[in-house]
A.B. asks: 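Quick one: this structure, given as structure tokens, is what I'll be asking you about.
Keep in mind that what you see is a predicted model, and the values were worked out from it rather than measured. Protein chains get the first letters and strands the later ones, always in sequence-line order, with residue 1 at the start of each.
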Amino acid sequence: MKLRAIAHSRTGDKGNTSNISVIAYDERDFALLARHVTAERVAAHLAGIVRGGVTRYELPRIGALNFVLRGALGGGVTRSLALDPHGKSLSSALLDLDIPDGEPVFGRWPAEPEADGRRTP
Amino acid sequence: MRQVRIGAGAGYSGDRIEPAVELAEIGDLDYLVFECLAERTIALAQQARLKDPKGGYDPLLETRMRAVLPACHARRTRIVTNMGAANPLAAAEKIREIARELGLAGLKVAAVLGDDVFDLLRGSDLPLEEMEGTVADLGNRIVSANAYLGAGPIAEALAAGAQVVVTGRAADPALFLGPLMHEFGWALSDHEALGRGTLVGHLLECAGQVTGGYFADPGFKDVPDLARLGFPIGEVSEDGSVVVTKVEGSGGRVTPATVKEQLLYEILDPARYLQPDVVADFTAVEIRETGPDRVKVGGGRGRPPTGKLKVSIGTIEGFIGEGQISYAGPGAEARGRLALEIVRERLALTGVAASELRFDLIGLNALHGAGRAQGSEPYEVRVRVAGRTDSLAEAIRIGNEVETLYTNGPAGGGGVAKSAREVLGIVSTLIPAESVTPSLYILEA
């Protein structure tokens, strides 16, 4: 499955550094995230974009990881030639990461819609 | 327990106006905060001030103030904003003028000054963040230097009776922390309290980003009525915990998931969120849904600040020229690639002086590079060529070379767009906090 099935994500920027959160839909899936979404895998998945190191911070209480990617924004938001100089769309690239099937998952999406058609994470 | 209700009326300079009016009119607020100053905004504002000594504040200041001042005045809601940008005093004078026009006699407006450290910094040997070299190495390329001020001067202005406080560069969460310090009597030495207040400010500072904006992903994360997105209200208790909510009936939603995305937004190390007044720690934060569109957040912590203030330095970075053209249907990608090759060769043949060039096929590889597309050829692609130059004239030539593809390039190209603009970059450094002295000016309408 893709990471997108079990987690959501938002990207922010500071200078030439990108900050990408990865948040489990169900906090009980934190261990699964922690095992498979490592700094090394994120660096490999975004190879060619990130030029510096990748640091991972863990927030088990809210079921989330926070990744800091140095040298990821083409010299910095303000001078980059890139179409998306803030790297805002990097969260979507990261959610395309493969997560091995076969392990128990608590919150997998998309869920069945509710009576009013909404799906509520 | 006593509560303070703080609303966020803007998450960036160009943000929507109506959600702020909605908050002012029916949000039952004690404070309405407008965060409008991105990293680069102040460098642009500084250039505007150079052209007009009475300018240099947020271009939407007047629109926003006219929209919310009457309701805020009637309901005794105080306003805090960094819309002063490069000229907080001129912004305060403008607000006073508007207040007089609206008949709001006696309205007190405070300007917080002192963030402009251009003269202090010029030629200094302070090292730059994230890059080699010192401030002095930037030479004449520096156009602005602004230190991130803390919440102290904002709290002081409120204590002096200001109904509107307008700052230049201040840490975004400080715009919220200032009112909380004032209301709850938190001292600058109470770092635990400042950590909790910073958490509140951080959650609210991007306005709609915590109420369902920048969150929707159909089928995975559905959000109702984003065209009428409600901006957030923080119901802050004296113990520093907050319930994040929004005006009933407005669009968007507040859930633990929307709050978590904003909690981690741009904070880098969650145990060390560096602020002028405190090093905040978000690692023990607890998030709990207490009702529809009501999420309680607590557990922010704080330690003493580093003693250094971040300074954003605006630098002249030359120019960027750009051109785009689209191809569609069978063979679109091949024609797009041919177009890029032609422009690449033309830029060399005609000697366009670009120090850096970029060739993208939008729809294929422009955002994350080649090799990520899966499946069949896209139905349409958009050619994009961008380059960095030392002069506007050279930058214009880049877009022109894309435009000439109309009659000289591959078949079926359409929809050319071109641009050339001056680039202001931002670099950062750190200065000792004691070298910056904030000051207050209070005007009365």
A.B. asks: Output yes when a side-chain donor or acceptor of A:S21 lies under 3.5 Å from a complementary backbone atom of B:E261, and no otherwise.
C.D. replies: no
A.B. asks: By a 4.5 Å heavy-atom criterion (distance strictly below it), what part of A:L90 contacts chain B: side chain, backbone, both, or neither?
C.D. replies: both
A.B. asks: Within the side chain of A:R41, is there an N or O that forms a donor-acceptor pair under 3.5 Å with the backbone of A:H36?
C.D. replies: yes
A.B. asks: At a heavy-atom separation under 4.5 Å, does B:R384 approach chain A through its side chain, its backbone, both, or neither?
C.D. replies: side chain
A.B. asks: Looking at B:L347, is its backbone amide N or carbonyl O close enough to the side chain of B:E401 to form a donor-acceptor pair, meaning the two atoms are under 3.5 Å apart?
C.D. replies: no
A.B. asks: Below 4.5 Å from any heavy atom of chain A, which atoms of B:Q209 appear? Answer side chain, backbone, both or neither.
C.D. replies: both
A.B. asks: If we only count heavy atoms from C-beta on, is the A:F30 to A:R61 side-chain gap below 4.5 Å?
C.D. replies: no
A.B. asks: Please classify the contact of B:Y214 with chain A as side chain, backbone, both or neither, using a heavy-atom distance under 4.5 Å.
C.D. replies: both
A.B. asks: Quick one: do B:D281 and B:R272 make a salt bridge, cutoff under 4.0 Å?
C.D. replies: no
A.B. asks: Is chain A contacted by the side chain of B:A284, its backbone, both, or neither, given a heavy-atom distance below 4.5 Å?
C.D. replies: both
A.B. asks: Counting only heavy atoms closer than 4.5 Å, note whether A:I62 contacts chain B via side chain, backbone, both or neither.
C.D. replies: both
A.B. asks: What option among B:P270, B:A386, B:G425 has the most heavy-atom pairs under 4.5 Å with chain A?
C.D. replies: B:P270
A.B. asks: Sort out for me which of B:V423, B:L357, B:D269 touches chain A most, counting heavy-atom pairs under 4.5 Å.
C.D. replies: B:D269
A.B. asks: Around atom NZ of B:K296, are there more than 12 heavy atoms from other residues, nucleotides or ligands closer than 6.0 Å?
C.D. replies: no
A.B. asks: Run the salt-bridge test on B:R253 and B:D293 with the 4.0 Å N-O cut-off and return the result as yes or no.
C.D. replies: no
A.B. asks: Under a 4.5 Å heavy-atom cut-off, does chain B meet the side chain of A:L69, its backbone, both or neither?
C.D. replies: neither
A.B. asks: Against chain A, work out which of B:L268, B:I287, B:T283 has the most heavy-atom pairs shorter than 4.5 Å and name it.
C.D. replies: B:L268
A.B. asks: Quick one: what part of B:L263 sits under 4.5 Å from any heavy atom of chain A, side chain, backbone, both or neither?
C.D. replies: side chain
A.B. asks: Counting heavy-atom pairs closer than 4.5 Å to chain B, which one of A:E58, A:R70, A:K14 comes out on top?
C.D. replies: A:K14
A.B. asks: Rounded to the nearest 0.5 Å, what's the gap from OG1 on A:T17 to CD on B:E266? Could you check?
C.D. replies: 11.0 Å
A.B. asks: Counting only non-hydrogen atoms closer than 4.5 Å, does B:E130 touch chain A with its backbone (N, CA, C, O), its side chain (CB onward), both, or neither?
C.D. replies: side chain
A.B. asks: Atom CG of residue position B:D390 - does it have more than 12 heavy atoms of other residues, nucleotides or ligands inside 6.0 Å?
C.D. replies: no
A.B. asks: If you count heavy-atom pairs within less than 4.5 Å of chain B, which of A:S9, A:S80, A:G87 leads?
C.D. replies: A:S9
A.B. asks: Quick one: what part of B:L424 sits under 4.5 Å from any heavy atom of chain A, side chain, backbone, both or neither?
C.D. replies: backbone
A.B. asks: With side chain to side chain contact (heavy atoms under 4.5 Å, CB included) as the criterion, how do B:Q324 and B:V402 come out once you've worked through the C-alpha distance, each side chain's angles and the decisive distance to 0.1 Å?
C.D. replies: CA-CA 6 Å; B:Q324 298 185 4; B:V402 174; 5.6 Å; no
A.B. asks: Quick one: do A:I20 and A:L46 satisfy side chain to side chain contact (heavy atoms under 4.5 Å, CB included)? Show the steps, please.
C.D. replies: CA-CA 12 Å; A:I20 312 181; A:L46 299 177; 4.2 Å; yes
A.B. asks: Specify which of A:D84, A:N66, A:V68 makes the most heavy-atom pairs with chain B at under 4.5 Å.
C.D. replies: A:N66
A.B. asks: How would you list, in number order, the residues of residues 360-369 of chain B that have a heavy atom less than 4.5 Å from chain A?
C.D. replies: B:I362, B:A366, B:L367, B:H368
A.B. asks: Please rank B:E39, B:R40, B:R388 by heavy-atom pairs under 4.5 Å with chain A and give me the top one.
C.D. replies: B:R388
A.B. asks: What part of A:S92 lies closer than 4.5 angstrom to a heavy atom of chain B: side chain, backbone, both or neither?
C.D. replies: neither
A.B. asks: Tell me, side chain or backbone of B:Q262 under 4.5 Å from chain A's heavy atoms, or both, or neither?
C.D. replies: both
A.B. asks: Looking at A:R56 and A:A34, would you say the former's side chain and the latter's main chain have a donor-acceptor pair under 3.5 Å?
C.D. replies: yes
A.B. asks: At a heavy-atom separation under 4.5 Å, does A:A7 approach chain B through its side chain, its backbone, both, or neither?
C.D. replies: neither
A.B. asks: Apply side chain to side chain contact (heavy atoms under 4.5 Å, CB included) to the pair B:R344 and B:V385, showing each step before the final yes or no.
C.D. replies: CA-CA 9 Å; B:R344 190 192 298 272; B:V385 179; over 6 Å; no
A.B. asks: Based on non-hydrogen pairs under 4.5 Å, which of A:N19, A:L83, A:L81 is most in contact with chain B?
C.D. replies: A:L81
A.B. asks: Between A:E103 and A:R35, is there a salt bridge with N-O shorter than 4.0 Å?
C.D. replies: yes
A.B. asks: Quick test of your reading of the model: are B:E317 and B:R141 salt-bridged, counting only N-O distances below 4.0 Å?
C.D. replies: yes
A.B. asks: Indicate yes or no for a side-chain donor-acceptor contact from A:D29 to the backbone of A:F106 under 3.5 Å, with no hydrogens or angles considered.
C.D. replies: yes
